[in-house]
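Report on the following structure.
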Amino acid sequence: MEKPIIKDEAFLAQKSQPATFMDIAVAQDLLDTLAAHADRCVGLAANMIGVSKCVIAVNIGPTNIAMLNPEIIKRSGKYMTEEGCLSLEGERAAVRYEKITVAYRDMQFKKCKQSFSGFTAQIIQHEIDHCHGIII
């Protein structure tokens with residue numbers, strides 16, 4: 001179900017709690033909300049829809065995927081960039097990595113590990129920052 005976007009910086013600055021199997025419904029809400037904002041958004045974190053759980057949804061080309069408890073376990077190719085956010089006005093400077101490997105749980109709560117690069121890696125890093133209460 002599509003949810004409203006939270007813009008409260010105090011709420012967004014709170015560190016999210018680990019997701020459980022029961023949070024798969026949150027992941028589906030994120031996917032639905034991301035699809036509804038596809039014209040101007042490529043990623044969302046659960047706190048952006050008012051849920052303080054470590055769940056993200058990202059666009060990876062022709063599809064969107066959800067990740068529960070994503071953790072970057074490998075990174076390379078550090079660079080600086082500017083990013084915008086659906087929850088916040090303007091753009092902010094951010095340190096990112098060109099290539100990352102992420103360990104996460106999928107929509108069946110199965111353990112996964114996948115590598116990403118380029119803009120997709122940047123999106124994932126931005127959304128994981130949201131899970132840690134980092135406002136970018």
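All values below come from the heavy atoms of this structure, side chains included, with hydrogens, waters and symmetry mates left out. Bear in mind that the values here come from a model prediction, so they are computed numbers and not experimental data.
Between the CD1 atom in Ile72 and the NZ atom in Lys99 there is a gap of 15.5 Å [rounded to 0.5 Å]. A distance of 14.0 Å separates NZ of Lys110 from CG of Leu68, quoted to the nearest 0.5 Å. To the nearest 0.5 Å, atom CG of residue Asp32 and atom NE2 of residue His37 are 11.0 Å apart. Atom NZ of residue Lys3 and atom CD1 of residue Ile5 lie 11.5 Å apart, to the nearest 0.5 angstrom. In this structure, CE in Met107 is found 5.5 Å from CG in Leu31, a value given to the nearest 0.5 Å.
Counting non-hydrogen atoms of neighbouring residues, nucleotides and ligands closer than 6.0 angstrom, the NZ atom of Lys7 exceeds 12 such neighbours.
When hydrophobic clusters are built by joining Ile, Leu, Val, Met, Phe, Trp and Tyr residues whose side-chain heavy atoms come closer than 4.5 Å, directly or via intermediates, Ile56 is not grouped with Ile135. Met48 and Leu34 end up in the same hydrophobic cluster when Ile, Leu, Val, Met, Phe, Trp and Tyr side chains are linked at under 4.5 Å.
When Ile60, Ile124, Asp106 are each tested for a side-chain contact (heavy atoms from CB on, under 4.5 Å) with Ile65, only one passes: Ile60.
Annotation: salt bridge (Lys or Arg N to Asp or Glu O under 4.0 Å) contacts involving residues 57-80, sequence neighbours excluded, are absent. Listed by first then second residue, pairs satisfying side chain to side chain donor-acceptor pair (under 3.5 Å) with a partner in residues 125-136 read Glu83-His126, Arg96-Asp129, His126-His130, not counting sequence neighbours.
Closest heavy-atom contact between Glu98 and Tyr79: N-CE2, 3.6 Å. Smallest separation of non-hydrogen atoms from Asn69 and Ala19: OD1-N, 2.7 Å. Of all the heavy atoms in Cys54 and Ser16, the pair that sits closest is N-CB, 3.7 Å. Taking every heavy atom of both residues into account, Leu86 and Cys41 meet most closely at CD2-SG, 3.9 Å. Residues Thr20 and Phe109 share a closest heavy-atom pair of C-CE1, 3.5 Å.
Other members of the hydrophobic cluster containing Ile6, listed by chain and number, are Phe11; membership follows side-chain contacts under 4.5 Å among ILVMFWY residues, whether direct or relayed.
A heavy-atom distance below 4.5 Å is found between the side chains of Thr101 and Ser115. Annotation: side chain of Phe21 is not in contact with side chain of Arg105 (no heavy-atom distance under 4.5 Å).
Put simply, the side chain of Asn47 never gets that close to the backbone of Ser52: no donor and acceptor are under 3.5 Å apart.
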